[in-house]
Amino acid sequence: MEIEVIKGDITKLEVDVIVNAANSSLLGGGGVDGAIHRAGGSQILDDCRAIRNKQGKCKTGEAVITRAGNLAAKKVIHTVGPVWNGGHKNEAKLLENCYSNSLLLAEKHQLKTIAFPNISTGIYGYPKKEAAKIAIETIQNFSSSIIEKVIFVCFDEENFNIYQDKDIFC
Ligand code: AR6
């Protein structure tokens with residue numbers, strides 16, 4: 001899998017699927033979640049509601065998929081990152097699960113290009129460098145015959161600088 005790092009707004013990307021840093025309600029919120037629902041329109045919320053009605057809330061580390069409404073992407077994967085609690089609440093494993101479960105879901109739907117935001121590093125307060133290490137390591141350890149390209153979309157300068165540091169990619 002090719003890995004690319006860019007700075008920008010994930011809602012603008014023309015990829016097969018973008019990942020949303022959602023919350024367990026799946027009904028929208030602030031940050032990237034709010035931006036995706038605003039840009040994508042009601043189709044995304046309709047699908048999220050249908051998933052809620054069928055299977056209830058989305059647990060931390062798990063992922064679900066919806067249509068993408070008005071977005072240029074074909075689909076949206078919604079995953080729920082862990083809230084940072086000092087690091088003793090299994091946060092690292094849960095964050096790893098967000099990335100790996102999103103990749104598994106993309107594979108299942110034959111999606112070849114996937115873009116991730118820096119999950120949990122905004123409102124949920126995960127330390128950015130630690131989160132970046134987990135994100136990169138999880139992607140690098142995942143081998144796929146379907147997914148061709150993974151894009152890390154950094155929105156804030158701090159995350160972008162962290163992902164520019166070549167030492168973080170082993
Ligand atoms: N494109 C790409 N990245 C973005 C964008 C964007 N348009 N907007 C923000 N980011 P956050 P979390 C970055 O807070 O920490 C929501 O209310 C941002 O700079 O969106 O996982 C949900 O409903 C940061 O690096 O998500 C949950 O309640 C990253 O996205 C809660 O926030 C994640 O920041 C989830 O918190």
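Order of appearance sets the numbers: ligands from 1, and atoms from 1 within every ligand.
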Check this for me - ligand 1, [X], N or O atoms closer than 3.5 angstrom, yes or no?
X	value
Val32	yes
Thr11	no
Ile123	yes
Gly122	yes

- Task: For residues Glu137 and Asn141, determine if any side-chain heavy atom of one lies less than 4.5 Å from a side-chain heavy atom of the other.
- Result: yes
- Message: Side chains of Phe155 and Ile10, heavy atoms from C-beta outward: is any pair under 4.5 Å?
- Response: no
Identify, for [atom], the protein heavy atom at the shortest distance, and state residue, atom and that distance.
atom	answer
atom 24 (C) of ligand 1	Thr121 OG1, 3.5 Å
atom 6 (C) of ligand 1	Phe155 CD1, 3.5 Å
atom 19 (O) of ligand 1	Asp156 OD1, 2.8 Å
atom 17 (O) of ligand 1	Gly30 N, 2.7 Å
atom 33 (C) of ligand 1	Asn118 O, 3.3 Å
atom 1 (N) of ligand 1	Ile10 N, 3.0 Å

- Message: Using the rule that Ile, Leu, Val, Met, Phe, Trp and Tyr join whenever any side-chain heavy atoms are under 4.5 Å apart, tell me whether Leu95 and Val83 fall into a single cluster.
- Response: no
- Query: In terms of the angle between their ring planes, are His37 and His78 parallel, tilted or perpendicular, with boundaries placed at 30° and 60°?
  - Reply: tilted
Considering the heavy atoms of [X], write down every atom of ligand 1 situated less than 4.0 Å from one of them.
X	answer
Asp33	22 (C), 23 (O)
Gly31	20 (O)
Asp9	1 (N), 6 (C), 7 (N)
Asn23	22 (C), 23 (O), 27 (C), 28 (O)
Gly29	17 (O), 23 (O)
Ala21	21 (O), 22 (C), 26 (O), 35 (C)

- Task: Kindly identify the option in Tyr124, Phe160, Trp84 whose heavy atom sits closest to atom 31 (C) of ligand 1.
- Result: Tyr124
- Task: Examine the proximity of ligand 1 to Asn159 and report which part, side chain or backbone, both or neither, has a heavy atom under 4.0 Å away.
- Result: side chain
- Query: Does atom CD of Glu14 have more than 12 heavy-atom neighbours, drawn from other residues, nucleotides or ligands, at distances under 6.0 Å?
  - Reply: no
- Message: I'd like to know if the side chain of Asn118 and the backbone of Ala131 have a donor-acceptor N/O pair within less than 3.5 Å.
- Response: no
- Message: Just to verify, which of Ile77, Ile18, Leu103 counts as forming a side-chain contact (heavy atoms from CB on, under 4.5 Å) with Phe116?
- Response: Leu103
- Message: With no hydrogens and no angle check, just 3.5 Å: does a side-chain donor-acceptor pair link Thr138 and Glu96?
- Response: no
- Message: We want to know whether Asn159 and Thr121 form a side-chain donor-acceptor pair, criterion being a heavy-atom distance below 3.5 angstrom.
- Response: yes
- Message: For Asp47, give me all partners under side-chain hydrogen bond (donor to acceptor under 3.5 Å, both in side chains), at least two apart in sequence or on another chain.
- Response: Arg67
- Full working for salt bridge (Lys or Arg N to Asp or Glu O under 4.0 Å) between Lys7 and Asp156: CA-CA 8 Å; Lys7 186 164 189 291; Asp156 58 272; over 6 Å; no
- Query: Below 4.0 Å from any atom of ligand 1, is there a heavy atom belonging to Ser120?
  - Reply: yes
